[in-house]
Amino acid sequence: MFGTVRRFAASQVLRAAAPRSVSARSIPQLQKWQSPLSLSSVVATRSLHSSFPRLSAVSAEAVEDVLESSRPAAPTGEFAQLATDNIIDGSLIKNIIQPDRMGLKTMTEVQFLTLNEIVKGDDILAQAKTGTGKTLAFLLPTLQNILNDPSVDPKTFARRARTGPSEIRALIISPTRELAEQIAVEARKLAFGTGLIVQTAVGGTQKRAGLAKIQREGCHLLIGTPGRLKDILSDPWTGVSAPKLNTLILDEADRLLDQGFSAEIEEIQALLPNPAEVDRQTLMFSATVPREVMQMVRKTLKRDFKHVNTVREDEVPTHERIPQKLVYLRGLENGLPAVLELAQKYQERAESENLRPFKAIVYFNSTAETKISAEAFSSLANSREFRMSPLGNVKMIEINSRLTQQARTRSADNFRRAREAILFSSDVTARGMDFPDVTHVIQVGVPREYETYIHRLGRTGRAGKEGEGWIFIHKGEHETYRKRLGRLPIKGDSPTNPTLLTAGADMSQPQSPDTPEGQIITQIQEALASVPADLKVSSYMGQLGTATSSFSYKGEAIQALNQLSSIGYGMATPPYLSPRLVQQMGLRGVTGVSVGDRPRESFSRGGDRDGFSRGGDRGFSRGGDRGFSRGGRGGRGGSRGESRGDFLFGDRNRGDREGFSRGGDRGDRGGFSRGGNRGSFRPSGRERYSDPSFKEGGSFDF
DNA sequence: CACGCAC
């Protein structure tokens, strides 16, 4: 599928300074490198919503016709041609095409479509699907532009002369540290032998050492995360400034321009030379550009910026060939058993059907949940039984922002290299990370944003490879799911023939030791039992915010969390919520809420060794301590037995598993039908498949 | 209370 013309809202199209648009289909002759845009640059006009009428200065229909007929057979050009045509330096191209280097031959669509624009010096917003080579798309022409800069003499590069901390020509900002490092690795491969110096500036590393390296080696291209970049650029003592900066690149631009980052991005921009004095090109790249950030995009880019879009508006914004499946969980406690069952079932048939080994990322909406899940699966993987199973070689790896940077880097490297592994991850890896051969992306719970889903899913199916996407949600999250993700081609599970038996199992009941699903559930319950009690509390607390906002009813969220803590975690009572928190979250009077002071012992033992001592102010800019306890937990199992008497599973006779929801009439599945027509746990087939957001057809090859 | 982002 090829790119299409970018549509601007009708009101914008009619503005005099409306940005031009570029598309693959607007470039009929791929050989015409010198001026492909002059051939067919199109002022594209279509509304952001395809239901809007098309408006155009020229006939939109005519444009579409021309574009259709000129659609090229291949989207790309050869990298080698760029050197032949003298567009890109031979050393850069050599680094790309040599088999023992990057080994690439042909440009991807986004690379092809942005190259001339960037070399020309225009501001652009480039939108392309995940895994289609956006990084190289901005690195290659940007490095070329530095080489083209007459104030930078290539001959001196080899001797590393005339490079210094003030020679920075381009700055790349990334929303996460790992992504910044990954971009730097690619940039250094590309720059090999050119004399161009690539440096990084990210948090969690020694600031002084990084600065010394920049002072010593110089820097033409600096890649970093917002906090550290702002730090070193605003600190006059660092000696690092960018008086000659010509290029600013925002990778994952929509993320960097959203609420959590935009203020810092603006502060960094204010630290750069005045664009009126030093001409500056700004480039933005992302797979997603939600409507809400377009205003920020316009504010940041020059008025005549170009929007290069390789995502057809009328197609799903991610690979259609990546099958995606929704599984309903009976309770939140069914999530981890379902993950294990999915892994087992795939791996059991992997060998006979010659499938790639299981390499999955499991995404959670809270850090504590990634940690408790990784702990449980790690302890599970230590058992002899597990090691003898088909999953015996699967490594369990955790990554989230509360690990030390050293541990984060190690986790990312281990997962990158692993053949068979499960990465339990927060959204720290959701964007841009390129882990080879990820077979499964599993999302537990409804992601906080539509875009989050797209980027997480994009960790699989990269570079033309296959993959599967799964999302596990509680039925109480159904409405939020529909609103947020309902437009995606996610296939619902069969109500009569469910894919994952553990997803729908009643975990409050004793499990049969004779069925695979019973064994899985028991394994998970026992593994969770050995997890330190404070981690269970943290996990509960960490899910409070997301659950109460993704469930349609707060009471149902509390009920589900309480059931998770008892049936899933084996806790005797759910954690207490302070009156203040209850007030803040609007939980006053909600059934099942345990109001009170947090049990001191949950936190006194072990303190914040997990990095989860709460109550701190986590905001960087607010001067608070984030509660990070560097150094991590050391080895596993150091504090076993902490879950002591709170472990209920020895008792198979307990009649009331809900325990703490007493007083509510919702002990069983009560309350779920309270909304009126919201139906039973599994929506009926008619409900599901008559809904346009549930697409039938296509085989989901489980 | 909820991703990530500096000391």
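So that the names make sense, note that chain A is the first sequence line, chain B the second, and so on, each numbered from 1. Nothing here was measured: the structure is a model prediction, and the numbers come from that model.
- Applying side chain to side chain donor-acceptor pair (under 3.5 Å) to A:Arg431 and the options A:Asp251, A:Asp254, A:Thr176 leaves one that passes, A:Asp254.
- Here B:dC3 presents its C1' atom at 14 Å from CD of A:Gln543, a figure rounded to the nearest Å.
- Atom NZ of A:Lys230 and atom P of B:dC5 are 15 Å apart (whole Å).
- If you measure from atom CZ of A:Arg402 to atom C1' of B:dA2, you get 10 Å, rounded to the nearest angstrom.
- One cannot find a donor-acceptor pair under 3.5 Å joining the base of B:dC7 and the side-chain atoms of A:Arg228.
- Distance from the side chain of A:Ser366 is smallest for B:dC3 among the nucleotides B:dC1, B:dC3, B:dC5.
- In this view, A:Arg188 satisfies the salt bridge (Lys or Arg N to Asp or Glu O under 4.0 Å) rule with no residue, not counting sequence neighbours.
- Here B:dA2 presents its C1' atom at 11 Å from CE of A:Met541, a figure rounded to the nearest Å.
- Counting any heavy atom pair closer than 4.0 Å across all strands shown, A:Gly203 reaches sugar-phosphate atoms only and no base atom.
- The separation between A:Met433 atom CE and B:dG4 atom C1' is 14 Å, rounded to whole Å.
- Of the candidate nucleotides B:dC3, B:dC5, B:dC1, B:dC5 has the atom nearest to the side chain of A:Arg408.
- The shortest distance between the side-chain N/O atoms of A:Thr225 and the OP1/OP2 oxygens of B:dA6 is below 4.0 Å.
- Closest contact between the side chain of A:Met585 and the listed nucleotides B:dC1, B:dC5, B:dG4 involves B:dC1.
- Spacing between atom CG of A:Asp258 and atom P of B:dG4 amounts to 14 Å, rounded to whole angstrom units.
- Listed pair A:Arg431 / B:dC3 fails the phosphate criterion, with no side-chain N or O lying under 4.0 Å from OP1 or OP2.
- Using modelled atom types, one finds no donor on one side chain facing an acceptor on the other under 3.5 Å when comparing A:Thr546 with A:Ser550.
- Side-chain atoms of A:Arg462 never come within 3.5 Å of backbone atoms of A:Phe435 as a donor-acceptor pair (strictly under, hydrogens ignored).
- A sub-4.0 Å separation between OP1 or OP2 of B:dG4 and a side-chain N or O of A:Ser401 is present.
- Closest contact between the side chain of A:Glu178 and the listed nucleotides B:dC1, B:dC3, B:dC5 involves B:dC5.
- Phosphate contact (OP1/OP2 of B:dG4, side-chain N/O of A:Ser426, threshold under 4.0 Å): present.
- Remark: A:Arg459 pairs with no residue by the salt bridge (Lys or Arg N to Asp or Glu O under 4.0 Å) rule, at least two apart or across chains.
- Considering only the side chain of A:Leu581, B:dC1 comes nearest among B:dC1, B:dG4, B:dA2.
- Within the 6.0 Å centre-distance limit, the rings of A:His474 and A:Phe551 are counted as a close aromatic pair.
- Looking at heavy-atom distances under 4.0 Å, A:Thr370 makes no contact with the nucleic acid at all.
- Note: CD1 (A:Ile265) to C1' (B:dC5) measures 9 Å, nearest angstrom.
- For A:Thr367 and B:dC3, the shortest distance from a side-chain N or O to OP1 or OP2 is below 4.0 Å.
- Taking atom CD on A:Gln405 and atom P on B:dC7, their separation rounds to 9 Å, with Å as the unit.
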